[in-house]
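In what follows, chains are A, B, ... by sequence order, proteins preceding strands, each numbered from 1.
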Amino acid sequence: MLLFENIAAALGGLMANKMRALLTMLGIIIGISSVIAIVTVGDSMTAGMNEEMQSWGAGNISVYLQQRSEPSQDALFDPDFSQDLDTDAYLFAGEPEEQDYMTDEMTVRLREAFPDQIAAVQMTEPLSAEQASRAGKTAPVTVTGVNDDYFAVTKLKLRTGRFLDHRDARGRRMVCLVSDRLTSALFPGQDPIGQTIDLTLNGQICSFYIAGVYAYKEQTGVFSFSGDPSTAVYIPISSAKYLNNAKSGYKELTVIGKPGVDIGVLSSDIDNFFARLYAQNRSFLPKASNNQDFLESSNKTMGMISLAISVIAGISLLVGGIGVMNIMLVSITERTREIGVRKALGATNGSIRLQFIIESVVICLLGGLIGITLGITLGAVGSHLIGYAARPSAAVILISVGFSMLIGVFFGYYPANKAARLDPIEALRYE
Amino acid sequence: MNEQNVISMQGICKSFFLGRGQEELRVLKEIDLEIPKGQFVAIVGASGSGKSTLMNIIGALDRPTAGSYRLGGEDVESLDDRALSRIRNRHIGFVFQNFNLISRTSALRNVALPMLYAGSTRARAVARARELLELVDMGQRLDHQPNELSGGQKQRVAIARSMINDPSIILADEPTGALDSETGRLIMDLFHRLHEQEGKTIVFITHSPELAAECERRITLRDGRIISDERGFGHAAV
């Protein structure tokens, strides 16, 4: 009916004055597209960083053996200070002895205590080897001893063979899990399973059987390293401890929560668990920590930056709206006679007002849609440039559409009302 | 008061107040006017005679300062803007000297517009507009925009538009004033045809004595008063 008629008339008017329409919409286009581009880049960056953090174990809980804070002796130390230092804290106050370490038995009991919360308890033992060789060929590696739970929750994808399991650990076997990047360098065109590689550890060459091959994943994002990447070689932790001549037990371990578990709550549960186990130990106590807080504060910072820039973009939107109001006033003056005719034909003040508000909304909405398209494109390009997948926010897009309509109504109302109140006789006589 | 009369005016006065001193300018003085249904009336007068002001009051574009005015059985004086819009929409079909079609809008949509303002559905308005454009021999140019039409064609579209809500009167203000005499003749013939075949009440404002002489009745205004009201003219010129 009239609504359709008004929209068609508004679009017709825009088509008749394309340049003017474009210039009118420019403020809205710039405003909307910058808000969307900025929010898209910001969201993509936050989400990408979160993902990287997750892959580093942001949802994990690290349990470190720490010196108990004894106020009488440690008056020199600010207790918060020593707590913040986590791993380094004990360096100031003596090394823990073997009897202080967390044991395999404790990890088993920890898992039994929280069967619904804990997905895995992972321990690692780093080794010093830097390259793997085979028949004169070499490849850069980092070698880590891991327990079988390390593979219970992992992003590693098995290409062929198997992950390391508890029999490997119990038997202190000389087996390893290597990357497909390494096998293609050392065993081109051969089945690597059952082959051996040589690792130089503490001055002696050790041969390891390849039990399984995982798919190497290229690192991306701002935290990635350049150059020829070392690929990880995993061996059973018992073998690693033996080769390192290390003490049995663990100074640190990593607890991985099941999906949906509150990491903060689980952290304090773990603290309580170890507080009971270490009730007799006066010097040391394992403490759980997680970087959920760090993640939150980094998200908050990103949010603040996005908000600040969005406010600036919002000001440009305001200027755009004023531009629309200005052009609407011009348009109404030009069309005074038409308004008079419409009134003579029986248009009420209300229908004239509606006509011009719709026209203003159509301009703003069209500008908004162009702005959204442009903003998504710019956001995608921007996200790509800083190395993250673009994530245009549906909420922001919907809000933008609503906001452009709101601008249309708000800045269209005054001109439309002016048009509605024109005297039909004066308007008809207007040249 | 005779209900047969489409227009019934008693003692209509219109004054304008000019300047800071509120000096009164009396444009219409005690106009009494009865126009029965189906009449073709010409209102003539020199410029400044109050002709346009009378037309504005007849067309419900303006309110009289004093007097009573009934149009199609409805009291028009002292109505608010909204009610006046409704009166114009239902009872008056305007035909202007300058056509006043809505630009960038097809003939069909121009004609349909007043029916949409009356609250009709688009489909019904368009169907009725098509019939009327065919009636004024514009059936071939439904989708043409005003700038693609000649003056005579524009005026035909305007006449079709004036009839869409089946108004009590067609109020034509110098409808041939912007046309050459040949085209003006065709438009006058169209008015005669609408009057004779469709029984339309037509109020025709002009300063041309020749065209006024074709109408059934000729009302002459001077200095805001009716100085003559002659009847018995016919459509003799054709």
Would you please go through residues 351-383 of chain A and name the residues with a non-hydrogen atom below 4.5 Å from one of chain B, in numerical order?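 From residues 351-383 of chain A, the residues near chain B are A:Ser351, A:Gln355.
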
Those residues of residues 7-29 of chain A, ordered by number, that approach chain B below 4.5 Å (heavy atom to heavy atom):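 Hits under 4.5 Å: A:Ala8, A:Ala9, A:Gly12, A:Gly13, A:Ala16.
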
Under a 4.5 Å cut-off applied to non-hydrogen side-chain atoms, are [X] and [Y] in contact?
X        : Y        : result
A:Arg342 : B:Leu113 : yes
B:Leu61  : A:Leu428 : yes
B:Thr105 : A:Glu338 : no

Find the one option among A:Ala347, A:Gly340, A:Pro424 whose heavy-atom pairs under 4.5 Å with chain B are most numerous.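 The answer is A:Ala347.
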
Which atoms of A:Arg429 come close to chain B, meaning under 4.5 Å heavy atom to heavy atom: side chain ones, backbone ones, both, or neither?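 Only the side chain of A:Arg429 comes within 4.5 Å of chain B.
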
Taking all non-hydrogen atoms of both residues into account, name the closest pair between [X] and [Y] and its distance.
X        : Y        : value
B:Arg109 : A:Glu5   : NE-OE2, 2.9 Å
A:Gly346 : B:Asn89  : CA-CB, 3.6 Å
B:Phe96  : A:Ala344 : CZ-CB, 3.8 Å

With a 4.5 angstrom heavy-atom cut-off, could you sort out which part of B:Arg161 is near chain A: side chain, backbone, both or neither?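 Contact with chain A: side chain only.
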
Chain A heavy atoms under 4.5 Å from B:Asp81: which part of the residue, side chain, backbone, both or neither?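 B:Asp81 touches chain A through side-chain heavy atoms alone.
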
Taking atom [atom1] of [X] and atom [atom2] of [Y], what is their separation to the nearest 0.5 Å?
X        : Y        : atom1 : atom2 : result
B:Ile102 : A:Ile339 : CD1   : CD1   : 9.5 Å
A:Lys343 : B:Phe94  : NZ    : CZ    : 13.0 Å
A:Leu345 : B:Met115 : CG    : CE    : 14.0 Å

So which residue, B:Asn165, B:Leu171, B:Asp62, B:Leu84, ends up with the most heavy-atom pairs under 4.5 Å with chain A?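 Counting heavy-atom pairs under 4.5 Å, the top option is B:Asp62.
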
